[in-house]
Amino acid sequence: MRDRQVVVIGGGHAGCEAALASARLGVPTLLVSMDVDRICHISCNPAVGGVGKGQLVREIDALGGLMGLAADANALNFRMLNSAKGPAVRGPRAQIDRWSYQQWMRNRLENQPGLAIRQDQAIGVAAAGGRVTGVRTFLGGLIPCRAAVICSGTFARAKLHLGLRQWPGGRAGEPPASGLSQSLLELGLPLFRLRTGTCPRLDARTIDFSRLRREDGDSEPTPFSFLTERLDCRQIPCYAAWTNEDTFRVVHDNLRFAPLFTGAISGVSPRYCPNFETKVARFPEKKRHHLFIEPEGRQSGEIYLNGLYLSLPPEIQEKAVRTVPGLEKAGIVRYGYAVEYDAVRPTELAATLETKAVAGLFTAGQVNGTSGYEEAAAQGLVAGANAALQALGRPPFTLGREQAYIGVMIDDLTIRGTDEPYRMFTSRAEYRLLLRQDNADLRLTRLGFEAGLAGRDRLDKVESLEREMGEGGRRLASARLPDGESLEQFLRRPEIAWADLVRLAPELAGLSPRAAEQLTVNAKYEGYVARHLRQIRQLEKNRRLRLPRNLDYSALDGLSREAREKLSRFRPENLDQAMRISGVTPADAALLMVRLG
């Protein structure tokens with residue numbers, strides 16, 4: 001164990017992808033988890049993907065990560081969200097089997113060459129001369145390493161809340177990560193408190209499904225992984241339900257027992273996924289809220305009550321649940337609760353997810369202020385890859401906003417920061433028409449292969465698709481209608497579909513569905529894509545204007561006071577990053593350009 005060059009702390013979604021990425025690059029890696037039976041545990045909603053989140057999963061897959069393959073192998077129900085809308089905002093989502101997903105991922109970790117797993121608790125990070133030297137654990141003492149990746153999730157100085165009760169814990173039945181927060185503070189990393197929560201789990205035998213609206217998966221499901229040729233799983237339906245005035249009344253009359261309103265919780269909760277007590281308090285005029293009744297596994301009788309995030313006392317949760325039509329006799333298997341934990345200020349990180357304070361120390365996942373399995377896994381892949389690349393003495397791996405949703409997320413976190421759990425949405429990406437879920441492999445697999453993350457099998461598939469698209473594009477450009485219009489121009493019309501072209505040119509029927517899809521989208525959005533590409537060329541110019549790390553912004557006459565303060569604090573790497581810092585005006589950016597020559 002002493003020869004491990006990278007140590008990953010935490011076995012959640014961030015930690016798993018970080019450890020796998022590091023080991024795939026050929027660096028001896030150790031994953032330290034407090035409970036190896038909980039590696040890649042699905043602690044909240046038993047689902048992967050969604051709008052924005054689904055794009056992240058497909059990008060993780062394109063770069064060689066395992067989340068997409070794991071979801072395909074263990075899914076219960078597939079749906080393409082926003083399928084009736086434009087391609088830029090569609091997002092794949094799947095209900096997954098909580099237990100088989102976890103076992104599948106653990107099996108892959110255990111069979112990854114160069115990766116070792118140890119059950120222990122990390123209690124601190126050792127550093128000397130501003131660089132990581134090792135990880136201190138409760139059982140094993142100091143583990144020397146060249147780089148460490150902290151993926152502590154919701155465990156750092158964590159506290160659980162259920163009604164008026166509170167106790168130390170990172171998840172129900174699991175202790176917090178003691179000592180880690182103090183170690184980070186001593187290393188110069190500022191922390192802040194966040195919170196999240198989970199919903200009650202119900203006994204399926206006590207639910208009247210006849211009173212709920214059934215929601216089946218897609219008849220022709222779309223896999224997450226570009227390596228998955230077909231999906232043969234038997235899909236299990238989900239159901240929809242709604243709260244009512246009785247639900248509102250039970251919660252409203254008992255808000256005095258909610259930890260958020262008693263002052264017991266100081267952490268900030270997710271804006272876009274609030275607990276039900278917050279909904280009742282903020283929107284008293286709205287009594288009807290959408291709930292999703294979601295299965296947790298093929299061999300399990302537990303049902304996840306998505307949308308009813310509660311931290312009220314158990315007896316009040318039972319009353320609230322039983323006001324919902326169809327759940328009048330529902331039995332609760334596990335009660336909902338809130339968890340409060342420490343997070344690192346993400347503006348203290350570089351684009352590689354390395355901390356600015358300590359070389360060789362990387363952080364990923366909820367410890368960076370994000371929420372969601374998908375956001376965590378994406379950060380884990382980037383942080384693990386960069387930890388390994390640094391150990392190898394190779395250039396870092398980063399992604400820009402114009403390249404990937406992963407790049408958007410990391411840029412948002414490291415440049416703009418966050419005061420609440422960050423969640424990915426398509427609206428966050430200004431180039432979302434280029435960053436679709438359907439073309440993630442075309443955008444990223446070659447980059448992943450060159451970095452050593454993606455295998456040759458992935459690149460072969462991408463190159464085959466590119467050749468097919470090239471041939472199809474030539475046919476569209478050369479074939480003419482009687483009026484002289486090319487099929488490519490004809491396809492740009494909003495009302496024309498690929499099937500219309502096939503009727504005119506039957507030889508196009510030989511193209512694969514994926515090639516046809518890409519050619520269709522490229523044709524219909526050609527003008528928008530061209531505009532995005534012009535913007536990206538300007539962005540690349542700004543990115544080439546590097547800002548010295550030791551630049552004294554306080555000595556630059558003409559900069560506004562706010563710009564001086566924020567530029568000195570955030571230390572942007574280039575002009576592009578500087579221009580996106582809140583408070584840096586176009587005039588400030590122009591002055592920097594002049595000073596940079």
Side-chain angles (χ1 to χ4, degrees), residues 9-10 12-15 41-45 52-53 56 122 149-162 166-172 174-185 187 189-199 258-279 281-282 309-311 336-349 353 355 362-380 383 409-410 412-425 428:
I9 300 171
H13 301 276
H41 181 65
I42 307 294
S43 55
C44 196
N45 183 15
K53 291 173 175 285
L56 287 175
V149 186
I150 297 178
C151 307
S152 54
T154 62
F155 282 77
R157 204 161 56 93
K159 185 186 293 184
L160 301 180
H161 298 263
L162 180 57
Q166 49 187 275
W167 64 99
R171 236 176 354 223
E174 298 180 66
S178 303
L180 195 54
S181 292
Q182 184 60 36
S183 176
L184 294 177
L185 288 170
L187 291 172
L189 290 168
L191 306 178
F192 66 119
R193 295 291 275 176
L194 292 175
R195 76 174 173 88
T196 186
T198 189
C199 302
L260 179 63
F261 296 95
T262 64
I265 292 180
S266 60
V268 182
S269 65
R271 176 190 302 265
Y272 303 103
C273 194
N275 63 12
F276 199 76
E277 298 99 319
T278 302
K279 291 181 180 179
R282 288 183 182 174
Y309 294 88
L310 291 170
S311 54
Y337 60 89
V339 57
E340 188 179 19
Y341 56 96
D342 282 342
V344 173
R345 287 285 177 190
T347 50
E348 297 298 315
L349 307 174
L353 297 182
T355 63
F362 299 78
T363 58
Q366 285 177 283
V367 72
N368 286 346
T370 59
S371 67
Y373 315 136
E374 303 84 358
E375 290 88 344
Q379 291 173 71
M409 173 180 62
I410 292 176
D412 282 349
L413 292 169
T414 59
I415 300 301
R416 299 172 180 173
T418 185
D419 292 319
E420 61 190 41
Y422 176 99
R423 179 178 178 177
M424 177 50 70
F425 293 103
R428 296 190 188 275

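Residue numbers start at 1 and run along the sequence shown. This structure is a prediction, so every number in the text was calculated from the model and none was measured.
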I want to check something: taking the side chain as every heavy atom from C-beta on, are [X] and [Y] in contact at a cut-off of under 4.5 Å?
X      : Y      : answer
Glu277 : Leu310 : yes
Thr154 : Lys159 : no
Thr355 : Thr363 : yes

Sequence neighbours excluded, every pair satisfying salt bridge (Lys or Arg N to Asp or Glu O under 4.0 Å) that has a member inside residues 174-184: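 Pairs touching residues 174-184 that pass the test: Arg38-Glu174, Arg171-Glu174.
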To the nearest 0.5 Å, what is the distance between [atom1] ([X]) and [atom2] ([Y])?
X      : Y      : atom1 : atom2 : answer
Tyr341 : Leu194 : OH    : CG    : 4.5 Å
His13  : His41  : NE2   : NE2   : 8.5 Å
Glu375 : Met409 : CD    : CE    : 6.5 Å
Gln166 : Leu162 : CD    : CG    : 11.0 Å
Thr347 : Ile415 : OG1   : CD1   : 9.0 Å
Arg423 : Thr418 : CZ    : OG1   : 13.5 Å

For a quick test of reading the model, state the closest non-hydrogen atom pair linking [X] to [Y] and the distance between them.
X      : Y      : answer
Gly197 : Cys44  : O-SG, 3.7 Å
Val339 : Gly169 : CG2-O, 3.9 Å
Gly417 : Pro346 : CA-CG, 4.2 Å
Val367 : Asp342 : CG2-O, 4.4 Å
Gly369 : Ala343 : N-CB, 4.1 Å
Ala158 : Gly170 : CB-CA, 3.7 Å

Go through it in stages, so that I can follow the logic: the residues are His161 and Thr262, the test is side chain to side chain contact (heavy atoms under 4.5 Å, CB included), and I'd like the CA-CA distance, side-chain angles, deciding distance and then a yes or no. CA-CA 11 Å; His161 298 263; Thr262 64; over 6 Å; no
Those residues that, when tested against [X], pass side-chain hydrogen bond (donor to acceptor under 3.5 Å, both in side chains) (two or more places apart):
X      : answer
Ser371 : none
Gln379 : Asn368, Thr370
Tyr422 : Asp412

According to salt bridge (charged side-chain N to carboxylate O under 4.0 Å, His left out), who are the partners of Glu340, at least two apart in sequence or on a separate chain? Arg193
Return yes if some donor-acceptor pair links the side-chain N/O of Tyr373 with the main-chain N/O of Gly12 below 3.5 Å, else return no.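 No, Tyr373 side chain to Gly12 backbone: no donor-acceptor pair under 3.5 Å.
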Is it true that a side-chain atom of Thr414 and a backbone atom of Ile410 form a donor plus acceptor pair closer than 3.5 Å? yes
Could you walk me through whether Leu184 and Ile150 satisfy the side chain to side chain contact (heavy atoms under 4.5 Å, CB included) test, starting with their C-alpha distance in whole Å, then the side-chain angles of each, then the deciding distance to 0.1 Å, before giving a yes or no? CA-CA 10 Å; Leu184 294 177; Ile150 297 178; 3.4 Å; yes
So, using ring-ring contact (aromatic ring centres under 6.0 Å, His included) as the criterion, who are the partners of Phe155 when residues are at least two apart?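 Counting only residues at least two positions away or on another chain, Phe155 forms no ring-ring contact (aromatic ring centres under 6.0 Å, His included).
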For Thr196 and Tyr309: C-alpha separation, side-chain torsions, deciding distance, then whether side chain to side chain contact (heavy atoms under 4.5 Å, CB included) applies. CA-CA 9 Å; Thr196 186; Tyr309 294 88; over 6 Å; no
Carefully, step by step, assess Arg157 and Gln182 under the rule side chain to side chain contact (heavy atoms under 4.5 Å, CB included). CA-CA 9 Å; Arg157 204 161 56 93; Gln182 184 60 36; over 6 Å; no
